[in-house]
Amino acid sequence: MKCIRVRNFGGPEVLCLEDRKDLRPDPGQVLIQVKAAGVNPVDTYIRSGTYPQTPELPYTPGLDAAGIVETVGEGIKRISPGDRVYATGTISGSYAEQALCKESQLHILPPTVSYSQGAAIGIPYATAYHALIHCAQVQPKESVLIHGASGGVGLACIQLAHSFQMNVIGTAGSEAGLTLVNQQGANHVLDHRKTNHIDEVISLTDGRGVDVILEMLANKNLPQDLPALATGGRLVIIGSRGTTAIDPRQIMIRGASIIGMFLFNISERNATNIHDALEAGLNNGILNPVVGQEIPLVNAADSHEAVMNSPAYGKIVLIP
Ligand code: NAP
């Protein structure tokens with residue numbers, strides 16, 4: 001089977017297509033034929049070798065995937081050969097024609113959801129759910145600024161926020177991204193390339209500020225975000241790529257909270273809640289992942305360049 005292997009940490013060029021022996025499931029494992037693999041920013045951080053948790057070399061990258069179950073190992077009860085599934089993590093890496101998974105990493109893909117959409121669910125939707133529901137503890141009809149709404153996580157945040165009838169302000173940094181965020185149902189759309197866009201958040205909420213901010217680039221936006229928070233507001237840091245300085249008084253006078261989140265250290269209970277809720281949302285159509293680009297597996301290096309560069313437009317997936 002063909003797969004991407006990383007033999008040295010480094011730039012996108014270290015992602016090389018190789019031929020490997022077909023995989024076989026051990027007891028407790030499931031083998032899937034990968035139809036699409038999700039490309040997440042974290043895959044690039046791991047590939048560069050600078051991430052706190054790095055795999056042993058060589059390795060096959062990728063955490064998210066969707067495909068068909070080929071064979072199951074001894075002891076597997078819930079999943080059967082032929083099932084359409086999406087994976088939230090794999091044992092062997094998802095940038096490949098085949099992937100080994102634990103049964104707990106697999107979820108049935110509803111017939112209405114394509115494989116490419118299935119590969120867009122794992123990290124983006126789990127992150128969006130954890131940020132909104134567990135971290136910000138949103139209430140119906142609150143207001144939310146999704147600061148970076150045109151990418152995988154941001155679009156998932158819009159769809160989930162809608163299910164709470166929230167007043168959604170979404171930002172993007174390109175015309176295509178702004179149109180997409182608008183089509184996905186944001187009540188207001190702002191361009192984060194404009195220096196005064198945060199002033200518009202304050203005027204859109206009649207000076208009150210928003211109840212919740214979901215921040216995709218905290219190192220750039222955190223100082224300006226704080227004055228746009230309402231009293232009792234919650235700001236969840238989802239993404240940050242550097243350092244910044246803030247005025248603590250802006251948090252104090254609002255009785256506001258800044259909450260950091262990291263998907264890889266959530267409790268088992270939260271993980272179960274998340275995937276039960278996502279399954280329900282996918283089945284009833286409230287959640288409908290947006291795939292922006294399908295890139296052949298052989299061009300995995302291009303997918304890593306694309307995911308780290310604006311403009312974002314939905315999810316990038318690799319097709320083996
Ligand atoms: P993505 O698909 O590449 O999207 C990136 C988003 O950031 C786009 O909407 C992009 O908008 C936006 N952005 C770019 N410049 C911005 C700015 N100045 N202000 C606000 N937003 C800006 O990535 P993703 O999968 O959605 O992930 C988003 C971030 O969350 C990444 O940094 C990722 O590493 C992080 N993340 C963290 C966790 C966690 O556990 N904490 C989990 C998943 C993801 P334009 O391109 O339209 O400008």
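In listed order, ligands and their atoms are each counted from 1.
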Item to complete: Could you tell me which residues satisfy ring pair (Phe, Tyr, Trp, His ring centres under 6.0 Å) with Tyr129, sequence neighbours excluded, listed by chain and number?
Response: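 For Tyr129 the ring pair (Phe, Tyr, Trp, His ring centres under 6.0 Å) partners, ignoring immediate neighbours, are His134.
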Fill in: Ionic contact status for Arg234 with Glu142, cut-off 4.0 Å
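Judged by the 4.0 Å cut-off on N to carboxylate O distance, Glu142 and Arg234 do form a salt bridge.
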Worksheet entry | Salt bridge Asp247-Arg249, side-chain N to carboxylate O under 4.0 Å |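 No, Asp247 and Arg249 are not salt-bridged.
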Worksheet entry | Connected hydrophobic set around Val317, excluding itself, where side chains approach under 4.5 Å |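 Members other than Val317 - counting any ILVMFWY side chain reachable under 4.5 Å - are Val291, Ile319.
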Discussion item. If I compare all heavy atoms of Gln98 with all of Val34, which pair ends up nearest, and what's the gap?
Written reply: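 So the minimum-distance heavy-atom pair works out to C-CG2, 3.9 Å.
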Worksheet item: Excluding sequence neighbours, so at least two apart, what forms side-chain contact (heavy atoms from CB on, under 4.5 Å) with Ala280?
Response: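 Expected list: none.
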Worksheet item: Around ligand 1, what residues show up once you keep those with a heavy atom under 4.0 Å from it?
Response: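 Contacting ligand 1 under 4.0 Å are Pro41, Tyr45, Ile123, Thr127, His147, Gly148, Ala149, Ser150, Gly151, Gly152, Val153, Ala172, Gly173, His192, Met216, Leu217, Lys220, Asn221, Ile238, Gly239, Arg241, Met261, Phe262, Leu263, Val307, Ser310, Pro311, Ala312.
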